[in-house]
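Let me begin by presenting the structure, written as structure tokens, before commenting on it.
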Number of protein chains: 2
Amino acid sequence: MQEEINDKLKNYFSEGMEVFLPHVSINVVVFAYDDFKLKVFLKNIPQLKSWLLPGGHVRRDENLEEAAYRNLSLFGVNNVFIRQIKSFGDVDRVSDIVPTDYKAEFAKSEFAKWATQRFISVVYYGLVRFRDVEPTTSDFFGESTWMDVNDLEPMVMDHAEIIHETKKLLINELLTHPVAFNLLPETFTLNDFRGLYEAILDRSIDRGTFRRKMLKQGLVEKVDLRKDVLGRPAHLYRFNKKVYYKSLEQEAKFGF
Amino acid sequence: MQEEINDKLKNYFSEGMEVFLPHVSINVVVFAYDDFKLKVFLKNIPQLKSWLLPGGHVRRDENLEEAAYRNLSLFGVNNVFIRQIKSFGDVDRVSDIVPTDYKAEFAKSEFAKWATQRFISVVYYGLVRFRDVEPTTSDFFGESTWMDVNDLEPMVMDHAEIIHETKKLLINELLTHPVAFNLLPETFTLNDFRGLYEAILDRSIDRGTFRRKMLKQGLVEKVDLRKDVLGRPAHLYRFNKKVYYKSLEQEAKFGF
DNA sequence: TCAAAAGTGTTTCAGCTACACCCATGA
DNA sequence: TCATGGGTGTAGCTGAAACACTTTTGA
């Protein structure tokens, strides 16, 4: 069992040294929205207690963005909207990445050296619909899970810092570009939408004000179906792609 | 002469393969403001007709930001405010970087291969005071110059695209954080300041509105000296560092 | 008919815009 | 005293915030 995992890792890395660029990796901070909370997608590797961001190496023949998509799909994350944030490359950021149990055997091997050398990680943020991702567990890739962004368990290396910085940048993104719709299902009520913003900004937003603002933008259009829950049923809306793409290009307003 | 340059390059690269990380480079898009125009600092390398961004490789023992500062100072750019933007790493972005005249001799050498392999460039923007930088010419590093950002000569590789994208990001920066003061001399009039914003945003801004907004922020404080030019002399102002650092941390406002 | 949640109307306030007017200086 | 630019006052518009009010449904 342990043998088998070791073999898999050995293959991965020995092949990796040919196929992948050294010193360069990608990571994606994948966000989703569920139960009025903002979640991050995390994984671990077997034998390693703390958590890490999904990501991996970059093939010599693929672009950075392609590497991000490819690695995410390994963890069952598809249909994801990604945007590059920045890169993290301090000299000493690779430290505890090799699981303790492996160290004894692997410490002297070529691929352990390769994997623990200095890496510049190009970081993306990702937005997915919560229901589109099913966290899984595998011998090789370990366990994956959603975690509340405000309540993270211990993270490997500088990943906690990366999440923290990325969240700050995401907030700015959401305030200037209406990328939020990548976090919502196909159709949604305006209250769902508002709840998302409240979760991200961590404050309440007036119902009427939010409603009027969104409708005025034309960003959202009525589908005219209704929900079957308690109280007066809400209209369902979906995003207007055209208005969305247009507003993606707009620059910020003047006013510090 | 040509021999000498070749030797220098040869040393640079042969040492470089030991000292520098492969596949990772940094570039900085350095902006300055002069004559009501936004300028970019560019260089060429001898024998190469088109222009490129200042930058270079990353030492194995230095952080990315340190590499940016070190490389800039090689070109006489000091006292510069920098911030990381993002990274550019498409597979085919390194293409025409080796000067044609060198190709014949160097094509088969180790360091030519090293230098023309795929590089992920971590890009920063930089802001300096125009008067603080004196473009120079040297045999090894070539010629450097300021160029109007709206009127660029042909650039090497993807550098034109990098400048273009960086400028867009810079505009957003300037609209949300008052980093502009890094482009102005120690003291300045409010009209200088306004001119800077007009140059960057490429539109006119009402004098009164701009004035009131800046003064209200408390970002700027009167030094009470005066200019000796035609017409009524203006007050000179300088930045209030405290208010500046505070506003750097603020997040954007709600309102798409 | 009542509770629950959706949706609307309206007042208030702050801030930006535009533009006119006044002020200080040197020639 | 006039040209040149610095500095101020203000009316009007826009849009956010707050909160009360109305509507629609299921039980």
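Chain letters run A, B, ... following the sequence lines, proteins first, then strands; residues in each count from 1.
- Of the possible polar contacts, none joining the A:D35 side chain to the A:K37 backbone as a donor-acceptor pair under 3.5 Å is found.
- Between the P atom of C:dG15 and the CG atom of B:L215 lies a distance of 15 Å, rounded to the nearest Å.
- A salt bridge is absent between B:D206 and B:R211; no separation between the charged side-chain nitrogens and carboxylate oxygens falls under 4.0 Å.
- For the pair B:E143 and B:K43, the salt-bridge criterion is not met [side-chain N within less than 4.0 Å of a carboxylate O].
- Using a 3.5 Å distance cut-off with no hydrogens or angles, the side chains of A:Y124 and A:E65 do not pair a donor with an acceptor.
- Looking at A:Y33, its side chain does come within 3.5 Å of a backbone N or O of A:L196 through a donor-acceptor pair.
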For a quick test of your reading: what N or O donor-acceptor pairs under 3.5 Å do the side chains of residues 67-78 of chain B make, sequence neighbours left out?
{"from": "B:R70", "atom 1": "NE", "to": "B:E62", "atom 2": "OE1", "distance (Å)": "3.0"}
{"from": "B:R70", "atom 1": "NE", "to": "B:E62", "atom 2": "OE2", "distance (Å)": "3.2"}
{"from": "B:R70", "atom 1": "NH2", "to": "B:H57", "atom 2": "O", "distance (Å)": "3.0"}
{"from": "B:R70", "atom 1": "NH2", "to": "B:E62", "atom 2": "OE2", "distance (Å)": "2.6"}
{"from": "B:N71", "atom 1": "ND2", "to": "B:H57", "atom 2": "O", "distance (Å)": "3.3"}
{"from": "B:N71", "atom 1": "ND2", "to": "B:A67", "atom 2": "O", "distance (Å)": "2.8"}
{"from": "B:S73", "atom 1": "OG", "to": "B:R70", "atom 2": "O", "distance (Å)": "3.0"}

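- Annotated stems with DNA chain C as a participant read C:1-27 with D:1-27, given as range with range, by first number; only runs of 3 or more Watson-Crick or G-U pairs under 3.5 Å qualify.
- Listed pair B:H235 / D:dG6 fails the phosphate criterion, with no side-chain N or O lying under 4.0 Å from OP1 or OP2.
- Closest to the side chain of A:N191, from the set D:dG6, C:dA5, C:dC16, is C:dA5.
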Quick one, give me the B/S/- string for nucleotides 20-27 of chain D, reading 5' to 3', where B means a protein heavy atom under 4.0 Å from the base and S means that only happens at the primed atoms, P, OP1 or OP2. ---BBB--
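- Judged by distance alone with a 3.5 Å cut-off, a donor-acceptor contact links the side chain of A:R212 to the base of C:dG9.
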